[in-house]
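Below is one structure, written out as structure tokens; the observations come after it.
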Amino acid sequence: MRKNWDLYFIDIAFQVAKRSTCLRRAVGAVIVKDKRIKGTGYNGSPAGLPHCLDEGCTMLEGHCIRCIHAEPNAILECTPDERRGGTLYCTDRPCPECQKLIITSGITKVVYAREYHSHTDWFALADNLEVVHMPKED
């Protein structure tokens with residue numbers, strides 16, 4: 001049976017995650033509009049700086065802060081028109097900081113596979129955003 005579009009793009013997000021340089025968790029994101037990929041991102045260090053793979057994670061309150069998250073990296077690859085009204089597919093539910101960036105970017109749908117629990121859910125406050133949890137099937 002042929003995969004639906006959401007499963008297809010979630011699978012691509014997991015492939016993108018394989019480029020991650022963080023030792024703690026590999027995350028991938030894909031921004032799609034009109035069934036066309038506009039940008040991809042994975043969690044990794046800023047350009048030209050050492051990666052977790054090379055020097056280990058820099059931890060603060062249980063989180064690696066050496067890396068830029070996958071979602072902002074994907075957003076940075078797109079023009080505002082490319083992401084406005086688009087869908088972000090992500091291996092993991094975005095953290096609160098990434099949620100704010102996604103809302104501001106004009107993305108109108110987020111599909112994610114793995115849960116990430118946090119104390120703040122900015123998505124719940126966004127009127128024009130659809131959020132779909134789609135657990136990955138192996």
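Values in this document were obtained by computation on a predicted structure and should not be read as measured data. In this chain, numbering begins with 1 at the start of the sequence shown.
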Notebook entry, point to check: If you link I, L, V, M, F, W and Y whenever their side-chain heavy atoms are under 4.5 Å apart, who else ends up in the same group as Leu49?
Noted result: none
Checklist line | Sequence-distant partners of Ile65, side-chain contact (heavy atoms from CB on, under 4.5 Å), two or more places apart | finding: Thr58, Leu60
Next item on the list: Find out whether Leu129 and Lys109 are in side-chain contact, i.e. whether some heavy atom of one side chain is under 4.5 Å from a heavy atom of the other.
Entry: no
Check: Do side-chain atoms of Glu82 reach the backbone of Thr79 as a donor and acceptor pair under 3.5 angstrom?
Finding: yes
Notebook entry, point to check: Is Cys98 close to Pro72 at the side-chain level, that is, under 4.5 Å between some pair of heavy atoms?
Noted result: yes
Next item on the list: Would you please name every residue forming a ring pair (Phe, Tyr, Trp, His ring centres under 6.0 Å) with Phe9, sequence neighbours left out?
Entry: Trp5, Tyr89
Notebook entry, point to check: Judged by modelled atom types alone, do Ser20 and Asn43 share a side-chain donor-acceptor pair under 3.5 Å?
Noted result: yes
Next item on the list: Please list all pairs passing the side chain to side chain donor-acceptor pair (under 3.5 Å) test where one or both residues lie in residues 28-39, with sequence neighbours left out.
Entry: none
Next item on the list: Tell me whether Tyr112 is reachable from Leu125 by hopping between hydrophobic residues (I, L, V, M, F, W, Y) whose side-chain heavy atoms are closer than 4.5 Å.
Entry: yes
Note to self: Donor-acceptor check, side chain of Gln99 to backbone of Phe123, threshold 3.5 angstrom: yes or no?
What the structure shows: yes
Check: Of all residues at least two apart in sequence or in a different chain, which pass the salt bridge (Lys or Arg N to Asp or Glu O under 4.0 Å) check with Arg114?
Finding: Asp92
Next item on the list: Could you tell me which residues satisfy ring pair (Phe, Tyr, Trp, His ring centres under 6.0 Å) with Tyr42, sequence neighbours excluded, listed by chain and number?
Entry: none
Check: If you take all heavy atoms of Val111 and Ile10, which pair is closest and at what distance?
Finding: O-CD1, 3.7 Å
Note to self: Grouping I, L, V, M, F, W and Y whenever their side-chain heavy atoms are under 4.5 Å apart, do Leu7 and Val132 come out in a common cluster?
What the structure shows: yes
Next item on the list: Return the set of residues passing salt bridge (Lys or Arg N to Asp or Glu O under 4.0 Å) with Glu97 (not counting sequence neighbours), or none when no residue passes.
Entry: Lys100
Note to self: Going by the rule side chain to side chain donor-acceptor pair (under 3.5 Å), which residues pair with Thr104 if we only count those two or more places apart in sequence or in a different chain?
What the structure shows: none
Checklist line | Pairs where residues 47-76 contributes a residue and the test salt bridge (Lys or Arg N to Asp or Glu O under 4.0 Å) is met, not counting sequence neighbours | finding: none
Next item on the list: Measure across Pro94 and Ile102 and return the closest heavy-atom pair with its distance rounded to 0.1 Å.
Entry: CG-CD1, 3.7 Å
Next item on the list: Identify the heavy atoms of Pro96 and Tyr116 that sit nearest to each other, and give their distance.
Entry: CD-CE2, 4.3 Å
Item checked: Thr91 side, atom OG1; Arg25 side, atom CZ - distance, nearest 0.5 Å -> 7.0 Å
Item checked: Cluster link Met134 to Val16, ILVMFWY, side chain under 4.5 Å -> yes
Margin query: I need the minimum non-hydrogen distance between Arg83 and Ile75, along with the two atoms involved.
Written below: NH1-O, 3.3 Å
Item checked: Counterpart residues, ring pair (Phe, Tyr, Trp, His ring centres under 6.0 Å), relative to His63 (two or more places apart) -> none
Note to self: Looking at every heavy atom in both Ala17 and Gly28, which two are closest together, and how far apart are they?
What the structure shows: CB-N, 3.4 Å
Check: Are Phe14 and Val27 linked, directly or through other ILVMFWY residues, by side chains that come within less than 4.5 angstrom of each other?
Finding: no
Margin query: Is there a path of hydrophobic side-chain contacts, each under 4.5 Å between heavy atoms of I/L/V/M/F/W/Y residues, joining Leu76 to Ile37?
Written below: no
Check: Any idea which heavy atoms bring Cys22 and Cys67 closest together, and the distance?
Finding: CB-SG, 3.6 Å
Item checked: Remaining members of hydrophobic cluster (4.5 Å side-chain criterion), Leu23 -> Leu53
Item checked: With sequence neighbours excluded, residues passing salt bridge (Lys or Arg N to Asp or Glu O under 4.0 Å) with Arg24 -> none
